[in-house]
Amino acid sequence: MPLIAATGLAMHYGGPLLLDRLSVKVERGARIGLIGRNGTGKSTLLKLLGGDLEPTAGSVLREPGVTVGYQAQELQYTPGNTVYDEMRAVFAEERAREDALRTLEAQLAEASDEAARAPLLREYESLQQAQEQAGIYDVDRRIESLLTSLGLSETAWHKAIDGFSGGERNVIGLARVLLADPDVILLDEPSNHLDMEGVEWFIDLVRRTKAAIVMVSHNRHLLDAVTKEIWDLRGARVTAWTGNYSDYVRQKAEADARQARQFKTQQRLIQRIEFQARRLKDMANAYDDPAQAKRAKSMLKRIERMDKVERPDAHEKRFGAALKSSERHGRIALTIKDFDFAYGDRALFEGASLEIEYGDRVCLVGANGSGKSTLFNQILTHGDWDNPTLRLGKSVRVGDYRQLREELDPREQLDDWAIRTTGLLRNEAVGLLHRFLFTREDLDRTIGTLSGGEKSRLQLARLVHEKVNFLMLDEPTNHLDIQACEQLEEMLLEFKGTLLVISHDRYFLDKLVDRVVELDGRKLVDHPMRFAAWWQMHAGKARRSALKDRSAGVEGKDDARKAFEERKDRKRELSRLKSRYRELEQRINELEERVAAMEQRLQTAFAPGADVAAGEQLARDLASGKEELAVLYADWEAVAAALEE
């Protein structure tokens with residue numbers, strides 16, 4: 001029997017159905033990734049499985065005695081509570097039993113005879129046994145051990161949660177769920193606000209827990225590393241796919257191709273049947289032949305009885321825009337020379353230097369709080385041709401995407417913002433918004449009512465209009481769903497200018513970056529290599545160090561156990577690299593065949609009498625294929641180098 005079984009679930013909030021006749025199961029040991037566009041009902045489904053919401057129709061059954069832990073995107077806690085207060089609150093039931101035991105002890109002391117004492121003793125023994133099974137007498141040690149293993153120092157345990165960052169609150173929420181030791185853990189965007197080392201720690205945690213896990217996540221690296229099943233929520237239904245995210249992408253592409261073939265075949269069959277039915281109708285009318293009319297009607301009913309094959313992703317909405325660069329600037333895009341910066345007594349940069357040339361695709365990496373966003377803000381505020389410390393190229397036009405979106409006024413209406421920001425006429429500004437999936441019903445909404453993903457799309461719309469040649473992006477994939485992330489990646493791959501990006505999304509960086517700049521020791525350290533190669537060189541050691549630090553103080557962790565865990569980490573990483581290597585080889589082989597075929601067709605594409613427009617399109621497709629092939633070659637070389645290491 002599954003731990004949780006949902007059957008025929010339907011859910012709506014007064015409008016159209018958000019979930020429609022949906023059925024899913026959570027088995028023991030499950031590792032499930034729940035994906036889908038923003039607003040499709042992923043968080044709602046988690047709450048239904050956890051019992052926090054009641055469905056409009058259908059049922060959610062849990063195996064008797066099954067416990068469920070749920071962590072929302074934003075930590076819900078009692079204002080003013082310290083970390084330790086929140087951890088102790090997990091054991092409210094056990095503490096209530098403890099109070100009941102104290103009350104029974106007082107009643108036993110006052111009981112006058114054995115007859116009065118007997119039922120009190122039975123109740124006392126039952127409660128005491130329940131306390132022992134719950135491990136209540138070991139609560140403080142369990143709390144302290146877990147908080148230490150999660151990297152929260154003892155000095156933080158007794159501080160109010162109100163003063164913690166988003167990433168720290170995420171860890172506190174995970175600690176609270178893990179202390180409850182549930183059979184099923186439901187997680188809504190658990191990697192939000194975590195840096196790369198934090199994500200690796202979380203991956204290790206998920207691999208070790210015995211609980212079944214269902215998590216909503218847009219982090220494709222995380223989904224690849226831990227999931228064994230993907231639930232794809234679209235069109236108010238869930239489709240389950242076996243394997244991790246990469247397996248899902250491959251299977252989904254194959255299924256879509258198969259469905260496209262079936263759709264095309266069925267449409268041709270329907271067209272033939274309709275053509276024959278029209279002929280029979282014409283013959284019936286011409287010769288007044290009821291038999292022919294009956295045959296025509298029968299043929300049309302055959303179409304009605306067919307199980308219709310839907311067009312694959314018929315409702316998939318995509319951005320209708322491209323990031324077009326303005327005219328090319330000179331060789332140098334940005335020069336940083338002997339840059340110093342401090343907040344009070346805390347120095348972030350001392351004599352930092354860097355040079356970025358036209359066309360470079362650079363990512364800026366470093367621990368949370370090391371100064372990456374500060375450097376971005378200083379460049380955007382003070383960067384200029386006449387500034388010898390932060391010098392921008394003379395013809396550089398900078399477009400920025402800021403993580404905190406300070407430039408968005410929450411009181412401004414969407415259409416007013418578009419007109420003011422772009423300087424376009426109303427119809428043109430509305431058209432730009434429409435290309436980024438905003439509807440006419442959205443136009444009179446204020447920016448404060450938009451979701452994080454919608455605000456991200458606004459910033460992308462602004463960048464498309466500005467036609468810049470140097471993009472500076474600070475966490476551009478935060479709040480975007482996976483489909484939107486992939487569309488953004490496509491737009492950036494086609495962008496011809498210079499790119500400087502801060503991101504914790506490894507999948508995103510693997511695709512786009514050919515140079516890594518590390519903020520280390522208040523300096524900018526240049527690594528002229530693709531991100532995948534840099535990560536293999538650097539992050540393996542950093543991850544093991546982080547895991548070791550976060551395990552400090554946990555009882556029972558001896559050196560042999562640590563060595564064993566490190567060997568397991570290396571084996572998992574090696575397995576992932578081999579899988580990625582095979583995948584890239586296959587994609588390269590397929591693309592090489594396509595490119596070769598296009599080159600052969602191009603030889604005759606411009607022959608006398610040929611379709612010139614078709615030839616030009618073929619030439620563009622060939623150039624795009626070669627660009628994609630170059631990216632795949634670079635990825636393959638990086639993975640091969642990592643395998644050799």
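What's counted below: heavy atoms across the whole structure, side chains too, no hydrogens, waters or symmetry copies.
- Screening K42, H218, Q71 for a side chain to side chain donor-acceptor pair (under 3.5 Å) with E189, the sole residue that qualifies is H218.
- D247 is linked by a side-chain contact (heavy atoms from CB on, under 4.5 Å) to N244, R250, Q251, counting only residues two or more places apart in sequence or in another chain.
- Listed for the N469 side chain is a donor-acceptor partner under 3.5 Å among the backbone atoms of S395.
- Across all non-hydrogen atoms, the minimal contact from A429 to T422 is CB-OG1, 4.3 Å.
- At least one side-chain heavy atom of Y343 sits less than 4.5 Å from a side-chain heavy atom of L348.
- Residues satisfying the salt bridge (Lys or Arg N to Asp or Glu O under 4.0 Å) test with E599, not counting sequence neighbours, are K626.
- Partners of D188 according to the salt bridge (Lys or Arg N to Asp or Glu O under 4.0 Å) rule, which considers only residues two or more places apart in sequence or in another chain, do not exist here.
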Could you give me the CA-CA distance, side-chain angles and deciding distance for L375 and I379, then say whether side chain to side chain contact (heavy atoms under 4.5 Å, CB included) is met? CA-CA 6 Å; L375 179 60; I379 294 169; 4.0 Å; yes

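- At a threshold of 4.5 Å between non-hydrogen side-chain atoms, the residues L622 and V595 count as touching.
- Legend: residues meeting salt bridge (Lys or Arg N to Asp or Glu O under 4.0 Å) with R346, ordered by chain and number and at least two apart, are absent.
- Within the structure, salt bridge (charged side-chain N to carboxylate O under 4.0 Å, His left out) contacts touching residues 358-381 (residues at least two apart or in different chains) are D360-R515.
- Under the 3.5 Å distance criterion, the side-chain polar atoms of R530 are matched with a main-chain donor or acceptor of D510.
- R391 places no side-chain N or O within 3.5 Å of a backbone atom of K337 that could act as its donor or acceptor partner.
- Considering every non-hydrogen atom in both S503 and T477, the closest pair reads OG-OG1, 4.2 Å.
- Within the 4.5 Å cutoff, the side chain of L519 has no heavy atoms near those of the V365 side chain.
- Partners of F263 under the ring pair (Phe, Tyr, Trp, His ring centres under 6.0 Å) rule, at least two apart in sequence or in another chain, do not exist in this structure.
- Residue I419 comes nearest to L424 through the heavy atom pair CG2-O, 3.7 Å, listed as atom of the first residue, atom of the second, then distance.
- Judged by distance alone, with hydrogens and angles left aside, the side-chain atoms of Q259 form a donor-acceptor pair with the main-chain N or O of E310 at under 3.5 Å.
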Give the C-alpha distance, both sets of side-chain angles, the deciding distance and a yes or no for side chain to side chain contact (heavy atoms under 4.5 Å, CB included) between L334 and V396. CA-CA 9 Å; L334 170 68; V396 166; over 6 Å; no

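- The pair R620-E494 fails the salt-bridge criterion, with no side-chain N (NZ, NE, NH1 or NH2) lying under 4.0 Å from an Asp/Glu carboxylate O.
- The shortest heavy-atom contact between F508 and V501 is CE2-CG2, 3.8 Å.
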The test is salt bridge (charged side-chain N to carboxylate O under 4.0 Å, His left out); show your working for K511 and E486 and say whether it passes. CA-CA 10 Å; K511 269 193 172 182; E486 291 174 343; 5.8 Å; no

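- Panel note: side chain R237, backbone D20; a donor-acceptor pair is recorded below 3.5 Å.
- Of the possible polar contacts, one joining the T56 side chain to the H12 backbone as a donor-acceptor pair under 3.5 Å is found.
- For D442, the side-chain contact (heavy atoms from CB on, under 4.5 Å) partners are L414, F438, T439, R445, not counting sequence neighbours.
- Atom CD in E355 sits 13.0 Å away from atom CG in L524 (nearest 0.5 Å).
- Closest of all the heavy-atom pairs between L222 and P190 is CD2-CG, 4.5 Å.
- For E490, the side-chain contact (heavy atoms from CB on, under 4.5 Å) criterion is met by R318, not counting sequence neighbours.
- Atom CH2 of W417 and atom CZ of R462 lie 6.5 Å apart (nearest 0.5 Å).
- Note on R220 versus E489: salt bridge recorded, some NZ/NE/NH1/NH2 to OD/OE distance being below 4.0 Å.
- Ion pairing between a basic and an acidic side chain is recognised when a charged N comes within 4.0 Å of a carboxylate O; E583 and R580 show such pairing.
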If you apply the rule side chain to side chain contact (heavy atoms under 4.5 Å, CB included), what do you find for I203 with E200, and how did you get there? CA-CA 5 Å; I203 288 170; E200 294 305 311; 3.9 Å; yes

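- In this structure, OG on S373 lies 7.5 Å from CD on E475, to the nearest 0.5 angstrom.
- Distance check, rounded to the nearest 0.5 Å: CD of Q487 to CD1 of I482 gives 12.5 Å.
- The salt bridge (Lys or Arg N to Asp or Glu O under 4.0 Å) search around E441 returns none, not counting sequence neighbours.
- In plain terms, the two heavy atoms of L509 and C363 that are nearest each other are CD2-CB, 3.8 Å.
- With sequence neighbours left out, the ring pair (Phe, Tyr, Trp, His ring centres under 6.0 Å) criterion links Y248 to W241, Y245.
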Stepwise side chain to side chain contact (heavy atoms under 4.5 Å, CB included) check, L473 with L463: CA-CA 10 Å; L473 312 177; L463 288 176; 4.0 Å; yes

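- Going from atom CH2 of W385 over to atom OG1 of T335 covers 8.5 Å, rounded to the nearest 0.5 Å.
- Proximity of R169 to Y77: side-chain heavy atoms (C-beta onward) are separated by under 4.5 Å at one or more points.
- Proximity of L390 to D384: side-chain heavy atoms (C-beta onward) are nowhere separated by under 4.5 Å.
- Considering only heavy atoms from C-beta on, T421 stays 4.5 Å or farther from L458 through its side chain.
- Side-chain atoms of Q536 and M529, non-hydrogen and from C-beta on, never get closer than 4.5 Å to each other.
- M11 contributes atom CE, which lies 11.0 Å from atom CG of L45 (distance to the nearest 0.5 angstrom).
- Under the rule for a ring pair (Phe, Tyr, Trp, His ring centres under 6.0 Å), W231 has no partner lying at least two apart in sequence or in another chain.
- For A484, the side-chain contact (heavy atoms from CB on, under 4.5 Å) partners are F319, L480, D481, not counting sequence neighbours.
- Looking only at distances, no side-chain donor or acceptor of H527 sits under 3.5 Å from a matching main-chain atom of W534.
- Side-chain contact between M472 and L364 is absent, with no heavy atoms from C-beta onward closer than 4.5 Å.
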